[in-house]
Amino acid sequence: GTLGSGNHFIEVCLDQSDSVWLMLHSGSRNIGKELAEYHIGVAQGLTHNQGLVDRDLAVFLAGTPQMAAYRADLYWAQEYARLNRAVMMALLQDVVRRRFRKAKVTFEKVISCHHNYVAEERYDGVDLLVTRKGAIRAGSGDLGIIPGSMGTGSYIVRGLGNPASFNSASHGAGRKMSRNAAKKRFTARDLAEQTKGVECRKDSGVVDEIPGAYKKIEKVIEQQRDLVEVVAKLKQVVCVKG
């Protein structure tokens, strides 16, 4: 039940009809990275990966014990991330219920959306491991979340099942500059200006998450109209950064 830092967040948002949404974004809390680095090291030591022009090209072969061990740990980390988000959402919902008892708050079904993950799927009669890095699944009818930045809002979408994208869509607005570049270009004053109307951190510690460091979420959504349809446009009123 822990959030993490970087672009991870918890938000209270309003949609265009002023309904309240709770949203959070988090990953596998470093254990995924640790497991990945371990298995990369194993792969780099295998005989068939010797003599590569780049050690980062090391791979596992299907049907080997090493591949089986990697997949087991990969799926464990992905399930850990999912359960971590589920715990946080349950805690957040409980806080809202307790703080607004007179409103008798009720919640609709939670939209749980994996990102930066691997899935076993079949395309054109071939079983594949689909890696969605910076992407979410957007199969026909799949509900997904495409966040913008801490001052520009987010979108709830429904997948159209476009096979040309392997049933995928973007995970978010995406950065247009690195964290270091953002820190050099923007100040805490810029952050406060760009997050007006949002209750959030406005100190130098999160300047790298300033909206100006990200692409325009509206344009990103517009460029994937063949992948998803918009269900709701959200604007945050509270944003908690880890």
Item checked: Min side-chain heavy-atom separation Phe100-Val20 under 4.5 Å -> no

Note to self: Students often mix this up, so state it plainly: with edges at 30° and 60°, are the rings of His25 and His8 parallel, tilted or perpendicular?
What the structure shows: perpendicular

Item checked: No-hydrogen, no-angle side-chain donor-acceptor test under 3.5 Å, Arg85 and His114 -> yes

Notebook entry, point to check: Are any of the side-chain nitrogens in Glu37 or Lys33 under 4.0 Å away from the carboxylate oxygens of its partner?
Noted result: yes

Next item on the list: Decide if atom CZ of Phe186 counts as having more than 12 heavy atoms of other residues, nucleotides or ligands within a radius under 6.0 Å.
Entry: yes

Item checked: Donor-acceptor pair between Ser168 and Ser165 side chains, under 3.5 angstrom -> no

Item checked: Residues Glu79 and Arg82 bridged, charged N to O under 4.0 Å -> yes

Notebook entry, point to check: Can you tell me if OH on Tyr38 sees more than 12 non-hydrogen neighbours from other groups inside 6.0 Å?
Noted result: no

Check: Charged N to carboxylate O under 4.0 angstrom, Glu121 versus Arg137?
Finding: yes

Notebook entry, point to check: Would you call Arg175 and Glu209 a salt bridge, using N to O less than 4.0 angstrom?
Noted result: yes

Notebook entry, point to check: Should we say atom CZ of Arg55 is surrounded by more than 12 heavy atoms from elsewhere, each under 6.0 Å from it?
Noted result: no

Next item on the list: Say whether Leu52 and Phe60 are linked into one hydrophobic cluster, either directly or through other cluster members, by side-chain heavy-atom distances under 4.5 angstrom.
Entry: no

Notebook entry, point to check: Within a radius of less than 6.0 Å around CZ of Arg225, do more than 12 heavy atoms belonging to other residues, nucleotides or ligands occur?
Noted result: yes

Would you list the atom pairs, donor with acceptor, under 3.5 Å between side chains in residues 124-131 and any protein atom, with sequence neighbours excluded?
{"unit_1": "Asp127", "atom_1": "OD1", "unit_2": "Arg122", "atom_2": "NH1", "d": "2.7"}
{"unit_1": "Asp127", "atom_1": "OD2", "unit_2": "Arg122", "atom_2": "NH1", "d": "3.1"}

